[in-house]
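Beneath this line is the structure, given in structure tokens, with notes to follow.
Given the structure is predicted, the values throughout are model-derived calculations rather than measurements. Counting starts at 1 for both ligands and their atoms, in listed order.
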Amino acid sequence: MNNSEKVKVLIIGSGPAGYTAAIYAARAGLTPVLYTGGQPGGQLTTTNDVENFPGYPDGINGPQMMIDLQKQAERFGTKVNYGLVTAVDFSVYPLKVTVDEKQIVEAESLIIATGATAKYLGLPSEEHYANRGVSACAVCDGYFYRGKEVAVVGAGDSAAEESTYLSKLCTKVHLIVRRSEMRASKIMQHRVMNTPNIEIHWNTETEEILGDESGVNAVRVITNGEKKVIPVQGFFLAIGHKPNTDIFKGKLDMDEAGYLKVEGGSTRTNVEGVFAVGDVADRIYRQAITAAGTGCMGALDAEKFLSEKETEILAK
Ligand code: NDP
């Protein structure tokens with residue numbers, strides 16, 4: 001078995017950022033190789049309908065969109081491999097990447113599109129009602145709950161922003177805050193507190209999400225030892241995301257939350273030839289369209305890097 005593979009452009013991650021990078025790199029004749037990671041298709045495969053991606057007037061099913069993106073990337077010559085990158089070595093060039101703890105890939109450039117994972121509370125009912133009332137993205141799924149009553153859990157900027165967003169679509173938003181204060185910025189808290197159809201439940205923990213075969217119909221919470229059931233049709237998590245950057249710790253610059261740092265207006269990380277695109281380097285926007293946009297930037301940055309490198313070699 002050949003245990004080492006040499007590639008010009010290696011992409012890790014198979015969400016909209018990774019596949020868009022692949023489409024651009026493939027069309028530039030760079031025959032990229034993409035490793036899907038542990039969740040082929042990324043976060044969008046956990047969503048039903050995507051209605052905010054431009055170009056789909058009737059919306060598109062999340063998993064179908066990812067199948068289409070994969071086909072489009074393959075059509076131009078991307079090699080898509082199923083595998084998880086388990087280690088990287090940036091002290092050598094070509095960059096050394098280990099897949100599934102055994103396969104070595106030597107890459108002239110690397111585009112990281114490993115994304116971020118929404119945090120969940122860890123309740124079995126969350127998993128049970130995933131896509132049937134439980135969501136970790138109000139901008140993606142809020143529209144399906146218009147005219148309904150929903151709950152949001154969290155107390156940071158995301159929770160404040162998502163509650164405000166949902167308050168424009170839903171009859172009522174119950175914001176479940178585990179402490180007696182929010183950590184969201186003052187201006188965003190002010191907005192939440194001044195929105196008449198947002199009710200804040202302070203010192204409140206979620207105990208269970210309740211429902212039946214048609215989906216969520218209530219949430220059971222506990223406030224200062226007292227249990228209560230709040231009828232809601234949607235339950236939104238806004239307790240933060242975790243960027244998938246564990247394997248890059250100590251190897252790439254990241255912020256305190258673990259998001260990869262890139263040079264302003266580019267996808268360049270602090271290591272030459274390594275680019276970061278999509279949610280892994282974006283703690284603010286985290287949308288499929290912004291991920292796709294930076295995926296395109298990553299491919300163009302990698303292409304430029306490779307051609308400069310080639311010119312350098314020729315000049316020697
Ligand atoms: P944060 O980490 O800032 O906040 C997470 C919130 O979730 C905290 O209030 C925390 O509560 C709460 N939480 C965590 N675990 C649980 C749990 N098990 N049960 C109940 N509540 C829980 O994450 P955000 O996603 O809000 O923000 C991430 C970053 O992105 C921040 O830097 C933020 O400023 C930024 N951001 C900026 C926006 C903007 O400027 N428009 C919009 C969205 C995000 P506790 O406070 O008790 O720890």
Side-chain angles (χ1 to χ4, degrees), residues 43 46-47 52 114-130 134-142 150-169 173-195 198-210 216 218-228 230 232 234-246 253-262 264 276 278-291 294:
Q43 287 185 79
T46 63
T47 308
N52 54 9
T114 48
T117 308
K119 291 186 190 160
Y120 282 78
L121 296 169
L123 304 170
S125 50
E126 265 171 332
E127 233 174 274
H128 186 71
Y129 293 112
V134 173
S135 165
C137 180
V139 177
C140 319
D141 299 327
V150 298
V152 174
V153 61
D157 281 339
S158 294
E161 197 170 72
E162 306 223 334
S163 306
T164 310
Y165 179 84
L166 289 166
S167 71
K168 294 179 187 131
L169 299 166
V173 179
H174 297 270
L175 179 58
I176 302 171
V177 176
R178 67 177 172 184
R179 293 186 294 134
S180 57
E181 59 180 356
M182 291 180 73
R183 76 166 63 194
S185 53
K186 287 282 169 278
I187 185 162
M188 289 172 90
Q189 284 194 43
H190 183 260
R191 211 171 286 152
V192 166
M193 287 169 195
N194 286 286
T195 303
I198 299 180
E199 182 182 347
I200 306 180
H201 300 260
W202 302 104
N203 300 307
T204 300
E205 301 251 8
T206 306
E207 219 180 52
E208 210 60 80
I209 301 157
L210 310 172
V216 169
V219 57
R220 191 172 65 237
V221 296
I222 180 156
T223 309
N224 298 324
E226 203 177 302
K227 293 188 189 203
K228 61 182 172 190
I230 310 170
V232 291
F235 182 84
F236 289 85
L237 289 129
I239 60 170
H241 281 72
K242 185 185 177 303
N244 301 318
T245 52
D246 287 352
D253 285 350
M254 39 183 92
D255 69 12
E256 68 292 347
Y259 287 89
L260 298 182
K261 284 189 180 172
V262 291
D279 288 10
V280 76
D282 171 16
R283 63 191 287 170
I284 305 288
Y285 302 103
R286 297 192 301 246
Q287 298 300 303
I289 185 69
T290 48
T294 56

Next item on the list: Check each atom of ligand 1 against the heavy atoms of Ala155 and keep those under 4.0 Å away; list them by number with element.
Entry: 6 (C), 7 (O), 9 (O)
Note to self: Tell me the protein heavy atom at minimum distance from atom 38 (C) of ligand 1, and give that distance in Å.
What the structure shows: Asp157 CB, 3.8 Å
Next item on the list: Look at atom 7 (O) of ligand 1 and say which protein heavy atom is nearest, naming residue and atom and giving the distance to 0.1 Å.
Entry: Ile239 CA, 3.3 Å
Notebook entry, point to check: For atom 27 (O) of ligand 1, what's the nearest protein heavy atom and its distance?
Noted result: Ser158 OG, 3.7 Å
Margin query: I'd like to know if the side chain of Asn203 reaches the main chain of Ser180, judged simply by a donor and an acceptor atom lying under 3.5 Å from each other, with no hydrogens or angles considered.
Written below: yes
Checklist line | Asn52 vs Ile289, side chain to side chain contact (heavy atoms under 4.5 Å, CB included): CA-CA, chis, key distance, verdict | finding: CA-CA 8 Å; Asn52 54 9; Ile289 185 69; over 6 Å; no
Note to self: Checking the N or O distance criterion of under 3.5 Å, is ligand 1 in contact with Arg286?
What the structure shows: no
Check: Which of the listed options, Arg283, Glu205, Arg183, holds the heavy atom that is closest to atom 8 (C) of ligand 1?
Finding: Arg183
Check: Just by modelled atom types, is the Asn244 backbone N or O under 3.5 Å from a matching donor or acceptor in the Thr114 side chain?
Finding: yes
Check: Are the side chain of Thr204 and the backbone of Trp202 linked by a donor-acceptor contact shorter than 3.5 Å?
Finding: yes
Note to self: Between the side chains of Glu256 and Arg283, is the shortest nitrogen-to-carboxylate-oxygen separation below 4.0 Å, so that they form an ion pair?
What the structure shows: yes
Note to self: Below a 4.0 angstrom heavy-atom separation, can you tell me which part of Leu121, side chain or backbone, both or neither, approaches ligand 1?
What the structure shows: side chain
Next item on the list: Could you list the atoms of ligand 1 found under 4.0 angstrom from a heavy atom of Glu161?
Entry: 39 (C), 41 (N), 42 (C)
Next item on the list: Give the numbers and elements of all ligand 1 atoms closer than 4.0 Å to a heavy atom of Arg179.
Entry: 45 (P), 46 (O), 47 (O)
Notebook entry, point to check: Would you say atom 21 (N) of ligand 1 touches the protein, meaning some protein heavy atom is under 4.0 Å from it?
Noted result: yes
Next item on the list: Rounded to the nearest 0.5 Å, what's the gap from CE on Met193 to CD1 on Ile200? Could you check?
Entry: 4.5 Å
Margin query: For the backbone of Leu121 and the side chain of Glu126, can you confirm whether one donor and one acceptor N or O come within less than 3.5 Å of each other?
Written below: yes
Margin query: Quick test of your reading of the structure: of Glu181, Lys119, Arg178, whose heavy atom lies closest to atom 14 (C) of ligand 1?
Written below: Arg178
Notebook entry, point to check: Which distance, rounded to the nearest 0.5 Å, do you find between the NE2 of His201 and the NE2 of His174?
Noted result: 5.0 Å
Notebook entry, point to check: Is the backbone of Gly258 close enough, under 3.5 Å, to the side chain of Thr245 for a donor and an acceptor to pair up by distance?
Noted result: yes
Next item on the list: Enumerate the atoms of ligand 1 whose separation from the nearest heavy atom of Gly240 is less than 4.0 angstrom.
Entry: 23 (O), 25 (O)
Next item on the list: Just jot down the ligand 1 atoms closer than 4.0 angstrom to any heavy atom of Ile284, in number order.
Entry: 37 (C)
